[in-house]
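Counting starts at 1 for both ligands and their atoms, following the listed order. The structure presented is a predicted model; accordingly, all values stated were derived computationally and were not measured.
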Amino acid sequence: MDVDNVEYSTFTGWIDPPTDVRPALDGDLTCDVAVIGGGMGGMATALRLAERGQDVVLLEEKFCGYGASSRSAGQIAGAPGGDLRLLSLFSPKKMPGMVRIAENSARFVEELIETHDIDCDYEANGMVFGAVSFGQMLRVRTQAWIIRRAGGHGKLGTSAELGIPGAFVGGMREGVGGMLNPGKLCRGVRRALLSSSARVFEQTKVTDVRRTGGKAVLATPHGEVRANKVVLATNAYAGEWDITPERLSVPMWIIEAETAPIAPERIAALGWSSRSGVVTQHNIMTNYRLTARNTIVFGVRRLERGQSFPLPEKTADPGLVAELAEAFATTFPSLADVAVERAWGGWIAITSSWLSIAGQIGDNVYYSLACNGHGLAQAPYIGSLIADLIVDGTRPEALDDVWVEKPKFPPFMMMSPLGLRTVWAVDRFNDLFNGSRRRGLRSAARVR
Ligand SMILES: Cc1cc2nc3c(=O)[nH]c(=O)nc-3n(C[C@H](O)[C@H](O)[C@H](O)COP(=O)(O)OP(=O)(O)OC[C@H]3O[C@@H](n4cnc5c(N)ncnc54)[C@H](O)[C@@H]3O)c2cc1C
């Protein structure tokens with residue numbers, strides 16, 4: 001694949017930044033609830049609060065949709081993120097809740113799209129856990145069993161049965177969800193938010209959060225906000241204040257790349273009739289998905305740990321783009337001549353337990369973050385539940401599944417640069433082994 005003319009963006013490849021960025025907060029104000037962060041999580045929280053009659057202010061450092069939400073692969077996942085075998089081993093009691101949250105989150109986003117008439121190219125075709133080898137297929141079968149045992153849905157099949165490219169041995173289609181253009185989704189939710197009663201200040205970085213005299217005081221460069229309640233929806237950026245619990249999450253940088261447009265007949269020849277997005281079953285997955293503009297978006301394969309706050313603005317590493325392109329060409333040899341047109345990346349938040357979490361600090365600060373790379377649907381759903389908790393004064397039952405009673409978090413395993421490099425190396429070793437085994441089987445078949 002040609003990777004010589006890739007456009008490297010510090011935002012996303014899905015859309016351009018908005019042309020109507022709202023002015024920064026200039027002066028002091030008071031409100032019932034302040035939401036910090038204008039990703040899908042913060043916007044959905046503020047929108048729900050406004051719809052329920054609350055006096056809500058949203059503060060966003062850049063513009064709503066600036067963070068991971070617009071940069072994601074756009075897969076509305078209907079199953080939890082992470083290795084479900086490990087999750088069910090270490091947190092077996094949590095599994096039914098995690099599966100429930102994942103499926104309900106996908107339904108929540110579908111409803112959000114419909115209610116606000118958001119044009120975001122949504123295709124409800126369910127994401128597929130795709131196996132690139134028989135070893136990975138075994139893993140898929142185990143994960144499907146875990147999901148079903150936890151009350152979830154998933155359909156196992158060969159690549160032909162699932163309508164995914166023949167490069168995959170087979171896989172499992174999630175029972176709910178699909179794929180969309182996340183940039184357009186964020187833009188649509190931002191439009192709904194700006195038309196609501198919520199007061200939205202973009203270009204406004206919250207530099208400190210203090211609790212004093214029953215109120216929370218948020219400092220920004222040109223004014224203070226005094227709120228009765230605060231929701232931290234800053235995702236990977238959450239570790240910036242003293243108030244944040246220690247080791248709440250670790251920021252990780254991940255990337256996506258997009259091909260140049262591909263002729264529809266060449267896409268049809270891949271046998272991708274379902275158009276479902278596919279994620280491989282490596283320890284660190286690679287995702288592949290078709291877009292409405294006849295391109296393929298693909299990414300991840302490597303995690304890079306953020307070292308300190310504030311998190312830097314970055315572009316994708318050209319070395320990793322080349323590595324992803326090589327894997328793409330191996331997966332889709334008929335498209336090896338297609339160029340990579342653009343690449344971008346974003347910060348996600350990972351928790352030590354690999355579980356999505358929400359909780360409370362004191363009696364008036366709430367947090368919801370770290371859906372471990374699966375937050376495009378989960379962050380807004382959990383945010384809307386927190387909004388209900390604030391308005392009703394009682395915790396919705398659905399929040400119990402992610403609620404952390406005591407905000408104490410253990411140290412991270414395998415999240416050091418060396419640990420991440422080792423996990424990457426294990427994946428590459430397995431690829432090599434599976435590649436040579438496949439080549440061996442093919443030549444044995446030829447000899448016979
Ligand atoms: C490359 C990539 C691919 C992904 N693919 C998928 C996918 O296919 N499916 C899926 O479900 N998930 C995916 N994810 C994860 C998903 O995007 C996130 O989990 C989700 O968008 C998190 O939403 P959020 O609102 O919590 O955070 P974000 O969207 O990151 O929003 C946080 C916001 O807070 C703002 N902020 C931070 N600090 C401050 C401050 N001090 N003051 C004011 N504002 C502040 C930021 O500017 C940002 O806009 C992907 C992520 C990336 C990066």
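- The heavy-atom pair separating Arg211 from Gly362 by the smallest distance is NH1-CA, 3.4 Å.
- Using a cut-off of 4.0 Å between Lys/Arg side-chain N and Asp/Glu carboxylate O, Lys155 and Glu174 are scored as not salt-bridged.
- Comparing Glu60, Met43, Glu61 by heavy-atom distance to atom 47 (O) of ligand 1, the nearest is Glu60.
- Considering backbone and side-chain N/O atoms, Trp344 never comes within less than 3.5 Å of an N/O atom of ligand 1.
- Where the criterion is an N or O separation shorter than 3.5 Å, residue side chain and backbone included, Met40 meets it with respect to ligand 1.
- In plain terms, the two heavy atoms of Lys62 and Val21 that are nearest each other are O-CG1, 4.0 Å.
- In this structure, the separation between SG on Cys31 and CG on Asn228 is 7.5 Å, given to the nearest 0.5 Å.
- The option with the heavy atom closest to atom 23 (O) of ligand 1, from among Gly375, Ala377, Ser69, Gly346, is Ser69.
- Using a cutoff of 4.0 Å between basic side-chain nitrogens and carboxylate oxygens, Arg302 and Asp317 are scored as salt-bridged.
- Against a heavy-atom cut-off of under 4.0 Å, His374 is close to the following atoms of ligand 1: 10 (C), 11 (O), 12 (N).
- Against a heavy-atom cut-off of under 4.0 Å, Gln75 is close to the following atoms of ligand 1: 7 (C), 8 (O), 9 (N), 10 (C), 11 (O).
- At least one N/O-N/O distance between Val206 and ligand 1 falls below 3.5 Å.
- Annotation for ligand 1: atoms under 4.0 Å from non-hydrogen atoms of Ala379 are 23 (O), 26 (O).
- For Ile348, every heavy-atom contact with ligand 1 shorter than 4.0 Å involves the side chain, none the backbone.
- The residue from Leu218, Leu180, Thr234 that puts a heavy atom closest to atom 39 (C) of ligand 1 is Thr234.
- Taking the six-membered ring for Trp and thresholds of 30 and 60 degrees, Phe332 and Tyr288 have ring planes more than 60 degrees apart, a perpendicular arrangement.
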Yes or no on side-chain hydrogen bond (donor to acceptor under 3.5 Å, both in side chains) for His153 and Glu103, after CA distance, side-chain angles and deciding distance?
CA-CA 9 Å; His153 304 84; Glu103 294 196 348; 3.1 Å; yes
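- The six-membered or imidazole ring of Phe63 lies near that of Phe11, with a centre-to-centre distance under 6.0 Å.
- Among Met95, Met98, Met172, the one residue that satisfies the side chain to side chain contact (heavy atoms under 4.5 Å, CB included) test with Ile147 is Met172.
- Close to ligand 1: Gly74, with a non-hydrogen atom less than 4.0 angstrom away.
- Residue contacts with ligand 1, taken as heavy atom pairs separated by less than 4.0 Å, involve Trp241 solely via side-chain atoms from C-beta onward.
- With Tyr381 as the aromatic partner, Arg107 does not meet the cation-pi criteria of under 6.0 angstrom to the ring centre and within 45 degrees of the ring axis.
- A cation-pi arrangement is not found for Lys184 relative to Trp14, the charged atom failing to lie both closer than 6.0 Å to the ring centre and inside a 45° cone about the ring normal.
- Considering backbone and side-chain atoms alike, Ile76 places every N or O at 3.5 Å or more from each N or O of ligand 1.
- Proximity to Lys205 (heavy-atom distance under 4.0 Å) selects the following atoms of ligand 1: 41 (N), 42 (N).
- At a 4.0 Å heavy-atom cut-off, ligand 1 touches Thr204 through the backbone alone.
- Contacts between Ala233 and ligand 1 below 4.0 angstrom, taking non-hydrogen atoms only, involve the backbone exclusively.
- If you look at Ala68 next to ligand 1, the close heavy atoms, those under 4.0 Å, come from the backbone and the side chain alike.
- In the displayed structure, Asp242 atom CG is contacted under 6.0 Å by at most 12 heavy atoms of other residues, nucleotides or ligands.
- Less than 4.0 angstrom separates some heavy atom of Arg71 from each of these atoms of ligand 1: 1 (C), 2 (C).
- Of all the heavy atoms of Ile36, the ones lying under 4.0 Å from any atom of ligand 1 belong exclusively to the side chain.
- Using modelled atom types and a 3.5 Å distance limit, the side chains of Asn125 and Arg289 yield no donor-acceptor pair.
- Under a 4.0 Å criterion applied to the non-hydrogen atoms of Leu59, ligand 1 contributes the atoms 43 (C), 44 (N).
- Taking distance alone, with nitrogen or oxygen atoms compared against 3.5 Å, Leu376 approaches ligand 1 more closely than that limit.
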